[in-house]
Protein chains: 2
Amino acid sequence: MSMQDTATSGVALWRLVADGIERGIADGRFAAGDKLPGEMEIAETYRVNRHTVRRALAALAERGIVRAERGSGTYVEAQRLAYPLRSRTRFSEIVGADGREPHGRLIETSDDVATRELSRELGLKPGAPLVRIEAIRLADSTPICVSTTWLSAELFPGAGNVFAATRSMTKLLEHYGVHDYRRGATRITAGIVDATDAARLDLPLGRPILVVDATDNDLGGKPLVTKHSRFAAERVEFLVEP
Amino acid sequence: MSMQDTATSGVALWRLVADGIERGIADGRFAAGDKLPGEMEIAETYRVNRHTVRRALAALAERGIVRAERGSGTYVEAQRLAYPLRSRTRFSEIVGADGREPHGRLIETSDDVATRELSRELGLKPGAPLVRIEAIRLADSTPICVSTTWLSAELFPGAGNVFAATRSMTKLLEHYGVHDYRRGATRITAGIVDATDAARLDLPLGRPILVVDATDNDLGGKPLVTKHSRFAAERVEFLVEP
DNA sequence: TCAAGTTGTCTATTATAATAGACAACTTGG
DNA sequence: CCAAGTTGTCTATTATAATAGACAACTTGA
């Protein structure tokens with residue numbers, strides 16, 4: 001790992017080391033509670049100065065992924081939330097199944113009008129009035145994802161206020177008489193978190209995110225809501241059932 | 001976007017700007033062929049020096065995502081491969097449907113033994129002999145993903161040689177009398193590319209990847225192969241059907 | 001208790017990132 | 001043709017990343 005790599009990648013060396021260690025944890029090469037190799041040994045494997053390793057470990061410690069114990073070693077502290085993508089998916093159930101407490105928090109809501117893209121997803125006319133809800137979802141106190149959700153303002157008048165009160169999309173839909181719904185078309189890709197989402201997800205800049213665009217339909221297949229969600233990749237793992 | 005952000009994120013400022021512009025292209029804020037805002041304007045929106053913007057644009061140009069024209073402006077050149085995750089998914093068909101030519105390239109094959117994890121995926125005993133195939137898949141000459149594939153060495157003797165000859169997993173399975181198969185459990189997450197994969201995918205370090213762990217089964221549901229694939233996130237978009 | 005191995009902290013030096021300003025080279029539309 | 005707006009290139013300065021070495025503080029196991 002020479003200096004040239006950094007020059008062309010725009011990623012600091014210590015960050016590459018931190019990412020490598022984190023990947024090792026995600027892979028299971030280092031399990032929760034395990035002791036990492038010593039700073040000197042890590043420095044040798046990455047061909048990097050020990051101070052650079054220390055900075056990498058400090059960054060991981062800051063995020064609660066490892067914990068350094070003076071004189072003893074540095075230990076692992078992490079793991080990911082398993083997130084099944086079934087046709088009937090409820091955030092609260094997934095988090096509950098992991099033994100954690102689900103929370104929702106409203107960031108803001110606003111009126112909006114359908115772009116061509118949004119109108120197609122929701123089966124409306126371009127320019128149709130929409131309600132936009134920006135929200136964050138957490139497991140215990142750890143932010144898992146931020147979502148931008150759009151609903152028809154005509155079908156769901158005052159949806160923003162209802163969400164503010166219930167802080168749950170499922171309860172919001174129930175309020176309008178929708179007692180069940182199903183996931184429709186879903187697109188998944190990955191990207192790098194932007195400054196706004198980084199603050200909301202409590203992530204450092206430059207971290208990977210899973211970007212999910214999805215539409216939920218009623219049981220007749222009619223679109224109800226469409227969402228643009230950004231998940232902290234280090235905190236979740238999507239499970240696609242066969 | 002102040003200096004402090006960079007200090008704590010380990011990502012260079014120019015890289016954040018480049019990622020922002022790339023996100024704009026992925027989002028559709030800038031379409032293929034569009035002219036980007038001027039360097040001065042970009043510098044103002046990101047609150048960054050024009051030289052920093054130039055470096056960001058140079059990096060994007062290097063990767064063929066934008067093209068600068070002196071005196072005129074900088075123009076967009078990119079887009080993503082739509083990759084449906086159906087139960088019957090064939091790389092060649094997906095790439096062909098996009099009007100591009102699918103290719104496979106063998107990196108290496110080796111004998112391996114099943115870890116507890118692998119044995120569970122494949123329905124074998126821990127320690128069972130496996131064939132490991134490391135391969136890269138391309139659309140035209142653009143690398144899309146690298147995959148590590150494991151098969152039972154007893155059920156598929158000499159699988160490495162067969163893959164080297166056919167360069168296709170579908171043809172390999174056909175060689176052993178498997179004429180159809182289905183995707184089984186699939187796990188998706190995101191991460192940052194490591195140095196080895198970066199070279200194979202022709203990606204700069206620090207770019208996001210989609211990490212997919214999947215098992216393919218025969219029509220009776222018996223596991224055939226299990227794969228660990230890393231996709232260049234900037235080149236694909238997974239579509240999960242309802 | 002002690003030696004070996006660990007993390008923590010300090011000083012110093014060099015390479016690179018980012019800023020700043022000026023001007024050249026070129027394109028476009030009026 | 002010309003003026004306005006664009007990208008390209010140069011010099012210079014400052015802040016930060018990364019390296020290097022030394023030693024302190026602490027833990028562990030023999």
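Order of the sequence lines sets the chain letters (A, B, ...), proteins ahead of strands, with each chain counted from 1.
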Restricting to nitrogen or oxygen on both sides, can you table the protein-nucleotides 3-5 of chain D pairs closer than 3.5 Å?
unit_1, atom_1, unit_2, atom_2, d
D:dG5, N2, B:Gly71, O, 3.0

Tell me every residue that passes salt bridge (Lys or Arg N to Asp or Glu O under 4.0 Å) with A:Arg167, counting only those two or more places apart in sequence or in another chain. none

Can you sort out the partners of B:Arg105 under salt bridge (Lys or Arg N to Asp or Glu O under 4.0 Å), two or more places apart, ordered by chain and number? none

Nearest listed nucleotide, side chain of A:Arg54, among C:dT9, C:dA17, D:dA17: C:dT9

Donor-acceptor contacts, no H, no angles, side chain residues 63-70 of chain A, under 3.5 Å, sequence neighbours left out:
unit_1, atom_1, unit_2, atom_2, d
A:Arg63, NH2, A:Glu22, OE2, 3.1
A:Arg63, NH2, A:Glu234, OE1, 2.4
A:Arg63, NH2, A:Glu234, OE2, 2.5
A:Arg67, NE, A:Glu77, OE2, 3.1
A:Arg67, NH1, A:Glu69, OE2, 2.4

Contacts of A:Glu93 that satisfy salt bridge (Lys or Arg N to Asp or Glu O under 4.0 Å) - sequence neighbours left out: A:Arg88

For B:Thr226, all residues meeting side chain to side chain donor-acceptor pair (under 3.5 Å), sequence neighbours excluded: B:Thr215

Among the nucleotides D:dC10, D:dG8, D:dA20, whichever has the atom closest to the side chain of A:His51 is D:dA20

Atom CE of A:Met40 and atom C1' of D:dA20 are separated, to the nearest Å, by 11 Å

Interatomic distance, A:Arg50 CZ vs C:dT7 C1' [rounded to whole Å]: 6 Å

Using the criterion of both pairing distances under 3.5 Å for Watson-Crick and G-U wobble pairs, give all stems of 3 or more consecutive pairs involving DNA chain D. C:1-30 with D:1-30

Can you tell me the distance, in whole Å, between the CH2 atom of A:Trp14 and the P atom of D:dT16? 14 Å

Candidates A:Asp197, A:Asp202, A:Leu203 - the one meeting side chain to side chain contact (heavy atoms under 4.5 Å, CB included) with A:Pro143: A:Asp202

To the nearest angstrom, the CG-C1' distance between B:Asn49 and D:dA15 comes to 14 Å

A:Leu57 atom CG is separated from C:dT6 atom P, nearest whole Å, by 13 Å

Answer yes when B:Asp19 and B:Arg15 have at least one side-chain N-carboxylate O distance shorter than 4.0 Å, and no when they do not. yes

Rounded to the Å, how far apart are A:Tyr46 OH and D:dT19 C1'? 19 Å

Can you list, pair by pair, the side-chain donor-acceptor contacts under 3.5 Å of residues 130-138 of chain B, counting residues two or more places apart and other chains?
unit_1, atom_1, unit_2, atom_2, d
B:Arg132, NH1, B:Ser110, OG, 2.5
B:Arg132, NH2, B:Glu108, OE2, 2.7
B:Arg132, NH2, B:Glu134, OE1, 3.3
B:Glu134, OE1, B:Thr148, OG1, 3.1
B:Glu134, OE2, B:Thr148, OG1, 3.1
B:Glu134, OE2, B:Arg200, NH1, 3.2
B:Glu134, OE2, B:Arg230, NH2, 3.2

What is the separation between atom CZ on B:Arg55 and atom P on D:dT9, rounded to the nearest whole Å? 15 Å

Nucleotide of D:dT19, C:dA17, C:dG8 approaching A:Leu13 most closely (side-chain heavy atoms): D:dT19

State which residues pass salt bridge (Lys or Arg N to Asp or Glu O under 4.0 Å) with B:Asp34; sequence neighbours excluded, sorted by chain then number. none

What is the distance, rounded to the nearest whole Å, between atom CD of A:Glu39 and atom C1' of C:dA4? 16 Å

